[in-house]
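Structure first, commentary second.
The basis for the numbers below is simple: all heavy atoms, side chains too, and nothing from hydrogens, waters or symmetry mates. Each chain gets a letter, A, B and so on, in the order its sequence line appears, and its residues count up from 1.
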Number of protein chains: 2
Amino acid sequence: MSTKERLIEAGLRLLETEGPESLNARKLAGEIGASTMTVYTHFGGMTGLYEALVRRAFVQFGDALAALDRTDDPVADLLALGMTYREFASASPQRYRLMFGVTAPGSGIAAAHDLTEEGTPSAIPEASATFDELRRAVQRSLDAGRIRGDDAVAIAGQFWSMIHGFVLLELSGFFGTEGRGVTTVLAPHATNLLLGLGDDPAAVAESTRSARARFGVAEAALRVPGAGTAGG
Amino acid sequence: MSTKERLIEAGLRLLETEGPESLNARKLAGEIGASTMTVYTHFGGMTGLYEALVRRAFVQFGDALAALDRTDDPVADLLALGMTYREFASASPQRYRLMFGVTAPGSGIAAAHDLTEEGTPSAIPEASATFDELRRAVQRSLDAGRIRGDDAVAIAGQFWSMIHGFVLLELSGFFGTEGRGVTTVLAPHATNLLLGLGDDPAAVAESTRSARARFGVAEAALRVPGAGTAGG
DNA sequence: GAGCGTCGCATAACTGTGTTATGAATACCA
DNA sequence: TGGTATTCATAACACAGTTATGCGACGCTC
């Protein structure tokens, strides 16, 4: 494995196991038995390394989302996509925060706005690819006549706002622990959004059941209120 | 004005004018003509200073939200709250990122997870206060029979996820520039969520008009698709 | 009002960070 | 085989947060 590759893998590993403050040149280099100079040879500096980590993380993210089976219920697929999204972020919060430049001051990593223009998530092709996965699921739901609208990108943006906001607030501890927020906030939100987009209450309920079953999660954990009883 | 106060004000000012990387002890102390020692005398260190900045920012945030008039249309109030929320974040992105520990690595500020347990947003009373503003607006909409549900907190969480996610993605450049995302993504999302929560399409449209008018924004800028035409 | 303690703060030094200059070793290639 | 480019260790630099030290101003006590 190339030195470059080893640095990236060590970086992602260190990030998760010891937190962002451990993502520094000396520790990273020591991890692969090299000097700090290797960071500059291969990435031009710590900023370049961060960008490489972000890219790699988005690739992993895209793979996780793309690995989902596509069924004949596009809304269920969409919901499953959301569950996978949230699971990915939940599994390694630091990685998710890094991807969206969402690390607070002093972590030892560079600020999002410190990254190169090309390092900005919106300018990273790998990031666009993951969003495209979402867009396609929305398009299929449109094509199937499950939801109304003429702009899949705009609707995908709504789903993305929903889950991105939820995930970050959940990671910050605003929705309690043990995934309680998924039951009380995220699932009802998805239901309400689908209803607002014109899907049928019974169909939403069925798709939710289907998506939930695919994850083999206990009813209680991901229970969704009956369509129409919006609250929690 | 006390030295402590001057440090906080200089911190927030520097954050916005020169970015998070300028939020360092030496520059900050120089700004008020003092030595770096003052940071340690008053805040125990940079981490303590960051917490103070977060607290102050949340106070400003709460003030901005609380300054809104309360009308007899609770849903319009809710939407106006959302517009104000987004405006606050848009007006000073760095401050908003700081508040939610959402500064990318290396910015020179401490990572959210590096902050004291009491420094976490979810543990900051000032932050809870702003969320409470949202919760009350939701409760009034429930009381007025505009939306359905039995848990105002859960519903408020949905609105919060929506706008928090939107704001961060917008700041990262995912929704284009010039507030285009507000028209194509945020406004339709709010409409759809309200519809899913059981509000009447015509009522939603009217409340949206009302909230928009309150901001004196041109129709085009904050136009909301007719109720039911979810897309964009 | 003299003495004393506390507090705020400047100076200077220490550690750890990203970064760079330099030169050696290695790999590749004509 | 000789030349060139790449990789990387060493060592130093600038600048970050932090801390030890001491000085001076203020308030309290007698």
Side-chain angles (χ1 to χ4, degrees), chain A residues 1-12 14-15 17-54 94 98 101 103-116 119, chain B residues 1-12 14-15 17-54 94 98 101 103-116 119:
Chain A
M1 189 164 48
S2 72
T3 302
K4 199 166 177 174
E5 188 65 18
R6 286 197 299 159
L7 271 177
I8 292 178
E9 298 206 350
L12 286 177
L14 271 182
L15 176 66
T17 58
E18 311 194 13
E21 73 277 6
S22 289
L23 268 193
N24 62 68
R26 284 170 178 81
K27 187 149 195 161
L28 212 42
E31 199 74 10
I32 67 165
S35 81
T36 63
M37 192 55 209
T38 62
V39 173
Y40 295 86
T41 300
H42 293 287
F43 301 97
M46 288 305 291
T47 299
L49 176 59
Y50 296 141
E51 290 187 15
L53 291 181
V54 170
Q94 301 299 348
L98 175 72
T103 305
S107 66
I109 324 184
H113 90 286
D114 274 342
L115 297 181
T116 317
Chain B
M1 188 166 45
S2 71
T3 303
K4 198 167 179 172
E5 188 66 19
R6 286 195 300 157
L7 271 177
I8 292 177
E9 298 207 350
L12 286 178
L14 271 183
L15 176 64
T17 58
E18 310 195 14
E21 73 278 7
S22 289
L23 228 44
N24 62 69
R26 284 173 177 82
K27 186 148 196 163
L28 212 42
E31 199 73 9
I32 68 166
S35 79
T36 62
M37 191 57 209
T38 61
V39 173
Y40 296 86
T41 301
H42 292 287
F43 300 98
M46 288 306 290
T47 300
L49 175 60
Y50 297 141
E51 289 187 16
L53 291 180
V54 170
Q94 302 299 350
L98 175 73
T103 305
S107 67
I109 325 184
H113 89 287
D114 275 342
L115 298 180
T116 317

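Distance, A/Tyr40 OH to C/dT19 P: 4 Å, rounded to whole Å. In this structure, the CG atom of A/Leu23 is 9 Å from the P atom of C/dG18, given to the nearest Å. Spacing between atom CZ of B/Phe43 and atom C1' of C/dC9 amounts to 14 Å, rounded to whole angstrom units. Atom pair B/Met46:CE and D/dT19:P shows a separation of 13 Å (rounding to whole Å applied). Look at CG on B/Leu49: it is 14 Å from C1' on D/dA16, rounded to the nearest Å. Counting to the nearest Å, the C1' atom of D/dA16 and the CG atom of B/Leu28 are 13 Å from each other.
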May I have the list of side-chain donor-acceptor pairs in residues 29-46 of chain B shorter than 3.5 Å, sequence neighbours left out?
{"unit_1": "B/Glu31", "atom_1": "OE2", "unit_2": "B/Arg13", "atom_2": "NH1", "d": "3.0"}
{"unit_1": "B/Ser35", "atom_1": "OG", "unit_2": "B/Met37", "atom_2": "N", "d": "3.3"}
{"unit_1": "B/Thr38", "atom_1": "OG1", "unit_2": "B/Ser35", "atom_2": "O", "d": "3.0"}
{"unit_1": "B/Thr41", "atom_1": "OG1", "unit_2": "B/Met37", "atom_2": "O", "d": "3.2"}

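Every residue two or more places apart in sequence or in another chain that forms a salt bridge (Lys or Arg N to Asp or Glu O under 4.0 Å) with A/Lys27 is listed here: A/Glu18. Every residue was checked against the salt bridge (Lys or Arg N to Asp or Glu O under 4.0 Å) condition with A/Glu9, not counting sequence neighbours, and none meets it.
Nearest heavy-atom pair, A/Leu23 versus A/Leu53, reported as atom, atom and distance to 0.1 Å: CD1-CD1, 3.8 Å.
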At a cut-off of 3.5 Å, list every protein nitrogen or oxygen paired with a nitrogen or oxygen from nucleotides 5-10 of chain D, distance to 0.1 Å.
{"unit_1": "D/dC8", "atom_1": "OP1", "unit_2": "A/Thr3", "atom_2": "OG1", "d": "2.9"}
{"unit_1": "D/dC8", "atom_1": "OP2", "unit_2": "A/His42", "atom_2": "NE2", "d": "2.4"}
{"unit_1": "D/dA9", "atom_1": "OP2", "unit_2": "A/Ser35", "atom_2": "N", "d": "2.4"}
{"unit_1": "D/dA9", "atom_1": "OP2", "unit_2": "A/Ser35", "atom_2": "OG", "d": "2.6"}

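Note that CG of A/Leu28 is 11.5 Å distant from CZ of A/Arg6, once rounded to the nearest 0.5 Å.
Contact of B/Arg26 with D/dG17 (side chain to base): a donor-acceptor pair of N or O atoms is detected under 3.5 Å.
Taking 4.5 Å as the limit, every side-chain heavy atom of A/Ser22 sits out of range of all side-chain heavy atoms of A/Leu15.
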